[in-house]
Amino acid sequence: MSRRIRWIGVVLILCFGLVIVQLVNIQFRKANALADNPNNPRNLTVRYDNDRGEILAANGEPLAISTPISNPKPGSYEYTRSYPQGPLFAGITGYASLIYGTAGIEFEYNNDLRVHTQPAQTFLQAIGIDPRPKGTDSVILTVEPALQQVAANALAGRDGAVVVENVHTGAILAMYSNPTYDPNQLASPDAVTEAAAYKAINTPDANHFSPAVPVATGEPLAPGSTFKVVTTAAVYNLDPSLANYVWPNPSQPGAPPCPPNATVCGCTALPDTNKTICNDADTASLASPCGGTIAEMLPPSCDPGYASLGLKLGGATLYEQASLLGYNHDPPIDLPKNMLNPSVFPTPAEFAPSGRWGLPGPAYAAFGQESVTTTALQNAMTAAAIADGGTVMTPHLMSEIRDSQGNVVETYKPTVYKQAMSPQAAAQIVPLMQAVATACPGATACGVFPPGWDVAVKTGTAQTGLNPPSNHAWMIGFAPATHPQIAVAVVVPYEPESVYGATAAGPIVCEMFQAALGFPGTCPGT
Amino acid sequence: MHGPLYDRRVATTRLGSLPWYRRVPPYQWGPKVRRRTELGLLLLGDAIVVALYVLASLAERSRIPPHIGWFFAILLALTIVPHLANRWLAPEANPIILPIVAVLNGIGYVVIARWDPADAKAQAGWTAIGVVLYVTTLLVVRRPRDLDRYRYLLLLLAGLLILSPLFPGIGESVGGARLWVHLGSLSFQPIELAKILLCIFFASYFAENKELLSIPTARVGNRLVVDFRPLIPIVILCGLALGAIGLEGDIAFAVIIFVLFVAMLWTATGRLGYLLLGLALFAAAALLASHLFTQVHVRVADWLDPWRWTSSSPQCATPTQLARHPLCGTGDQLVQGWFAMGNGGIGGTGIGLGVWPQYHGIYLYSITSDMIFAAIGEELGLLGTSAVALAFLLIVGAGLRIAQTARSDFSRLLATGLTVVLGFQAFFIMAGVTRLLPFTGITLPFMAYGGSSLIANYILIAILMRISEEGAATPAERRSGVSQPGERAFVRAM
């Protein structure tokens, strides 16, 4: 009996030991989180002390500031949040509303921006005897206000998005979307203004874009021929046996004979259907003939050639390459999920005969039609990957967090998101994209840039399939082509049928290159 | 009358034949080392309590409490009276139990007074009654075996107590559980007393039947197995008790009584099978209870994720009350406790500086009873809460030590049982607040507000002290150099 009584003692010691372990967990490990929890009633008094840290651009210009209200009434807020740049950075900073909470950077770095317990400064604070000081941190972003302003001016009120990214670090230098909104109204102390503004940013416009979801990060659109860059990457990276593929161009003298499966020479016949894909037209008689090697097909953006290449590569290979570049995942940028949507490339199963897109699917997908959708951010990441030897850097907005004393709390370190392709494959694509701007006549971006500019680009004109017909005008690229620094993606969606990627998005890309890199000359078309 | 060296064993045997009013024992003069230790510890505890009381008042109202003299006098009286009773009635009993109980009770009082002065006044009164009952118990129960003799009477009393909340007229339902008995303006939780009576009965029954229950005597085929027939009546009794307690909705006490039963059965017999069977039964009952009782279901849901069921959680923030999930708001109490403990951190905010949600001056979420451990966690920090946990562990240690030195199987089992009840009651509420186990509204012994709990636990430690006194080596034993009585040597060999 004596031994069993001892065992009962052991059990009770274990029980009370567990209690103490859990107490250490609550009162030491989780203590700060619990004490700072916004629902903790001890913070209710703090809640009116709604001081927030500043959000600053890369050059130190304030994007969001909190100013104290003189003589606030007891039980009312003590600070007003304002956004000196108005609608220019709404798609990045988001807002800090007293009623609707936070969005954008205000949400993502809320724990740093709001009043919170700062790191201990003295020994007594470090061991938990003295309370730690409370304060706010400032978040410094990577965005350049000058570039952002150029992007906004270039879009000139049209719906669309411009993304400029540092190819080596993934730092977002500019990211502007239309429609946008004025976050000052959402931070208004007047509840009626706030409610109206909140309703407005969640109301879709004629193109079904809501201001709350920026086009750049949250609206995947058919990428059109810009996706040919991905198809080309799939060839060089995953299926090099197709690198010397030649699509016969019937208009060239001494052209090779038409392939036996082409119903009409110069057009690609599709499996499982009697439809054909011709260049720039629905029938062979209207089509402008094109073809040749891949290097000859990319500059003039030869649709039937790429459609045939897509069928040869197969849906699974295209899916693999697209996923390697970041498709089918939320972009890894530091913005809240409700502002992001993944770019989508269909799974191989959807290209099965009974699948959603069927056997002809890869032919359309290879030049960015029908089943593929891409955000401007994803297209910028694609261009940056080719510029940076196949590496997709994680795109990011925060560069540094400083506490109220100005000490650096956190610095962003560039990280590799994915290795999308071999450096060799990337290097093979660069001259092809350079030719898109220089191989005149015939190349789609002829005359978009002043002569002598060292750029590599790809145009895209995606048919929306709507009635009346409209196009998404795209251009992606990077510069300088020989020593890349920045990648740009521009989309101007739902333009009239007569508008092409080169005509609508091209001049914007040109202006972004000039503003970011100081290239000489004037961009044609401005 | 027995010469200079007084042999208590002889004296107590004689006393049995006297009428009760002449049984009052004489005071034995002479040095009492253990009592001197006890007095020193008691005064130290009183100093701690007075200091806390003054600090709380300084923090809250920036002044020394005007009636501090009275407070000190009453505190001193409430600690010195049981100490004098020990000197008189149990001079050789354990010296640390009473000081720990006094300091826990005192800290509990200061914390209750912080949040609810009315409760504190009542608690002081209950403490006085508890002290009186402590002395009375020591006086009436002169030998542990007196309790053994009346086991069926005590069982009957336990049964009545357990069933009393179910009687119409005196029973009262509070918070979905029918645990209270009302007699005039007094309300009482009878299970607190019944737990001690059940302890006594189990100890008595198992002590008598331990050989039958542990040595294989029944023949099944050509094998000898343990004859479990003596177990049948007590299992039925225990089942009835658990059923009644379950019916009243007092899940926590049902678990404690069950743990007590299994622990005592195993201690008495040493058959591992009983332990495993008990565990299996417990698992089945827990599963059944979480389906049968909505109260249990709610407790388990809140245990798994209280944050999900707070009033302010996203899914509970619906515009109309009707559309809300029925569990919404049930997590508030636990989460508030965690917020408080987190706010306390290691050193605590300091007594008098805690914050707790209130509604028109009334502090919510039972801070003086169910959540008192969290309140201590905020104001006295991790150091305070772990000190409280260690204090209970010290009582448990003392209780089990008393069991080891007890002079009969009955006393040994009784001391074990009482320690298990007290220890597990403290563990269950601490584990509930810290979310190691589902939260059950059970009192933290000696600290939480509640008269029944306080007086029952004072009686409980009085019995422990009585067993301790009997188990202490007598002067005759000490003189002869036999520090361990023969029976204890036998126990060791077992």
Side-chain angles (χ1 to χ4, degrees), chain A residues 1-47 99-102 107 116-117 120 122-132 134 195 337-338, chain B residues 210 263 266-270 307 310-313 335-349 354-357 377-378 381-383 385-386 389-390 392-393 396-397 399-401 403-404 409 412-413 415-416 419-420 423-424 426-427 430-431 433-436 488 491-492 494:
Chain A
M1 203 182 281
S2 166
R3 196 186 306 154
R4 296 192 285 278
I5 293 171
R6 218 171 292 155
W7 269 113
I8 287 179
V10 169
V11 169
L12 276 161
I13 286 173
L14 282 180
C15 285
F16 283 96
L18 273 177
V19 167
I20 290 174
V21 168
Q22 176 75 335
L23 282 170
V24 169
N25 181 29
I26 299 171
Q27 302 202 268
F28 177 65
R29 210 169 69 86
K30 292 186 180 153
N32 278 338
L34 285 166
D36 287 340
N37 189 307
N39 289 321
N40 190 330
R42 288 151 197 84
N43 296 333
L44 277 182
T45 43
V46 175
R47 205 176 279 181
I99 305 175
Y100 301 103
T102 51
F107 175 92
H116 63 278
T117 311
T122 65
F123 176 71
L124 284 181
Q125 287 170 1
I127 59 173
I129 303 287
D130 277 2
R132 295 183 181 183
K134 301 240 174 193
K337 293 265 174 268
N338 58 8
Chain B
K210 81 168 195 182
W266 177 67
T267 311
T269 62
W307 307 94
T310 59
S311 310
S312 52
S313 75
V335 166
Q336 292 298 343
W338 275 49
F339 282 155
M341 287 190 284
N343 195 44
I346 295 175
T349 58
V355 182
W356 189 260
E378 174 163 32
L382 177 62
L383 297 177
T385 45
S386 35
L390 289 176
F392 278 106
L393 202 54
V396 164
L400 294 178
R401 206 181 150 76
Q404 297 283 33
D409 279 349
R412 194 169 300 137
L413 281 173
T416 310
T419 309
V420 163
F424 272 98
F427 168 66
M430 289 180 185
V433 172
T434 55
R435 259 181 73 221
L436 282 175
R488 270 169 281 177
V491 165
R492 251 197 195 166
M494 251 170 77

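Values below: every heavy atom of this structure, side chains too, minus hydrogens, waters and symmetry copies. Numbers restart at 1 for each chain; the letters A, B, ... are given by sequence-line order, proteins then strands.
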Check: Under a 4.5 Å heavy-atom cutoff, which of A/Ile20, A/Ile8, A/Leu23 has the most pairs with chain B?
Finding: A/Leu23
Check: Heavy atoms, side chains only, cut-off 4.5 Å: are B/Trp307 and A/Asn37 in contact?
Finding: yes
Checklist line | Choice from B/Gly399, B/Ala263, B/Gly377 maximising heavy atom contacts with chain A below 4.5 Å | finding: B/Gly377
Next item on the list: Considering only heavy atoms and a distance below 4.5 Å, find which of B/Asn343, B/Leu382, B/Leu400 pairs most often with chain A.
Entry: B/Leu382
Next item on the list: State, to 0.1 Å, how close A/Ala31 and B/Gly345 come at their nearest heavy-atom pair, and which atoms those are.
Entry: CB-CA, 4.1 Å
Check: Quick one: what part of B/Thr349 sits under 4.5 Å from any heavy atom of chain A, side chain, backbone, both or neither?
Finding: neither
Notebook entry, point to check: By a 4.5 Å heavy-atom criterion (distance strictly below it), what part of A/Val24 contacts chain B: side chain, backbone, both, or neither?
Noted result: both
Check: Counting heavy-atom pairs under 4.5 Å to chain A, which of B/Ala431, B/Gly381, B/Gly354 comes out on top?
Finding: B/Gly381
Note to self: For A/Cys15 versus B/Phe424, what's the shortest heavy-atom pair and its separation?
What the structure shows: SG-CE2, 4.3 Å
Next item on the list: Flag the one option from B/Gly397, B/Ala426, B/Ser386 with the top tally of heavy-atom pairs under 4.5 Å to chain A.
Entry: B/Ser386
Next item on the list: Examine whether an atom of B/Ala340 lies under 4.5 Å from a heavy atom of chain A, and if so say whether it belongs to the side chain, the backbone or both; otherwise answer neither.
Entry: both
Item checked: Most chain A-contacting option - heavy-atom pairs closer than 4.5 Å, from B/Leu393, B/Thr419, B/Val433 -> B/Leu393
Note to self: Students often mix this up, so state it plainly: with edges at 30° and 60°, are the rings of B/Phe392 and A/Phe16 parallel, tilted or perpendicular?
What the structure shows: parallel
Margin query: I need the minimum non-hydrogen distance between A/Gln22 and B/Thr434, along with the two atoms involved.
Written below: NE2-O, 2.6 Å
Item checked: Minimum heavy-atom distance between B/Thr267 and A/Met1, given as atom pair plus value -> O-CG, 3.4 Å
Check: Would B/Gln404 and A/Ser2 count as having a side-chain donor-acceptor pair, cut-off 3.5 Å?
Finding: yes
